[in-house]
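Got a structure here, written out as C-alpha cells. Questions coming.
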Amino acid sequence: MTASTMVGEILASIKRKAEEMGCTEKELLREYIQQLNAGNRTRFAREPFSKRILLLPQCLREPDCSAPQTEEGYICQQCNPDCQVNRLSQEAKRLGYKGSYILPGGSMIARVIAATQPSAVIGISCEKEALLGILTLEDYGIVAIAVLLARDGCYNTAVDLEEALATLALTK
Ligand code: SF4
C-alpha cells in the first residue's frame, strides 16, 4: 500500500471516529501524529545531527519575505531575526544539521531526500502534510518527526518555537 493510500484510509477512519466521539477530525489527527512522533522519538534522537535535515513550510515565512524561490526551495536572506524560519534554520545550522529547506510544497520532499540522503527528518507542518510526510519517509527507511503548526493556513502561519527548538536538539 502506498503512503498516500494509507493516508486516505487513516483520514477516513479518523473522520468516522470523530463523528462517533463528537470531537473534531483535527483534534484526532493531531493526537494520531503525536502518537507517530512518540513512536519515532527514540530512533530520531539516536541519529547524529549531521545526518538530519529540517523541512520548513513556505507559509511560515514573514508576510514581507523576500526569499527567492529556487530549485532547492526558498533561500532565506536572514532579513528578520524574529522570523521563525530564520530562527529554526540558524539553530539547525548551529547544531550541525545537514541542511534546512523551505519548501514551496510537499512535492519537493522527494527531490530534497534524493539530493541529501538524510537518515532523519524533522518537519514543521500542518496535520495532513505531517501524516503524509511521516509515512512517505518511512517508506524510504527514514525516521521523521513532525512539529505541528500552532496556527495553520497557507499564509503567515506559526509554530511553537520552544517545542520546535527542543525537537531539533533532541538527542538520546
Ligand atoms: S528571515 Fe528569511 S524566511 Fe524570514 S522573512 Fe526574511 S528572508 Fe524570508
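Just follow the structure's listing: the first ligand is 1, and inside any ligand the first atom is 1.
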Does a salt bridge link Glu127 with Arg30, judged by any charged N lying under 4.0 Å from a carboxylate O?
->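 So Glu127 pairs with Arg30 through a salt bridge.
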
Electrostatic pair Lys128:Asp152 at N-O distance under 4.0 angstrom |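 So Lys128 does not pair with Asp152 through a salt bridge.
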
Indicate whether the side chain of Gln84 and that of Arg87 have a donor and an acceptor atom separated by less than 3.5 Å.
->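 Arg87 and Gln84 do not have a side-chain donor-acceptor pair below 3.5 Å.
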
Per-atom contacts of ligand 1 with Arg61, taking only distances under 4.0 Å to non-hydrogen atoms =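 Answer, ordered by atom number: 3 (S).
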
Which ligand 1 atoms does Val85 reach within 4.0 Å, using its non-hydrogen atoms?
->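 This gives 3 (S) as the contact atoms.
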
Does Cys79 put an N, O or S atom under 2.8 Å from atom 4 (Fe) of ligand 1?
->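 No, since none of the N, O or S atoms of Cys79 sits under 2.8 Å from atom 4 (Fe) of ligand 1.
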
Does the pair Thr42 and Lys172 meet the rule for a side-chain contact (heavy atoms from CB on, under 4.5 Å), with working shown?
-> CA-CA 7 Å; Thr42 306; Lys172 60 186 171 181; over 6 Å; no

Indicate the atoms forming the closest heavy-atom contact of Phe49 with Leu95, along with that distance.
->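 That closest heavy-atom pairing would be CD1-O, 3.2 Å.
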
Nearest protein heavy atom with distance in Å, relative to atom 4 (Fe) of ligand 1 |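 Atom 4 (Fe) of ligand 1 sits closest to the protein heavy atom Cys83 SG, 2.4 Å.
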
Can you tell me the protein heavy atom closest to atom 7 (S) of ligand 1 and the distance?
->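 For atom 7 (S) of ligand 1, the nearest protein heavy atom comes out as Gln77 N, 3.2 Å.
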
Which heavy atom of the protein is the closest neighbour of atom 8 (Fe) of ligand 1, given with residue, atom name and distance?
->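 Protein heavy atom with the smallest distance to atom 8 (Fe) of ligand 1: Cys65 SG, 2.3 Å.
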
From CA spacing to verdict: side-chain contact (heavy atoms from CB on, under 4.5 Å), Ile122, Arg52 | CA-CA 8 Å; Ile122 167 171; Arg52 301 184 194 176; 5.8 Å; no

Cationic N near anionic O, under 4.0 Å, Glu20 to Lys17 =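 Salt bridge: no.
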
Give a yes/no answer: is there an N/O/S atom of Cys76 under 2.8 Å from atom 2 (Fe) of ligand 1?
->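 Yes - counting backbone and side chain alike, Cys76 has an N, O or S atom under 2.8 Å.
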
Give the atoms of ligand 1, by number and element, whose distance to some non-hydrogen atom of Glu62 is under 4.0 Å.
->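 It comes down to these atoms of ligand 1: 5 (S).
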
For Asn86, counting its heavy atoms only, list the atoms of ligand 1 lying under 4.0 Å from any of them.
->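 Checking each atom against Asn86, I get 1 (S).
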
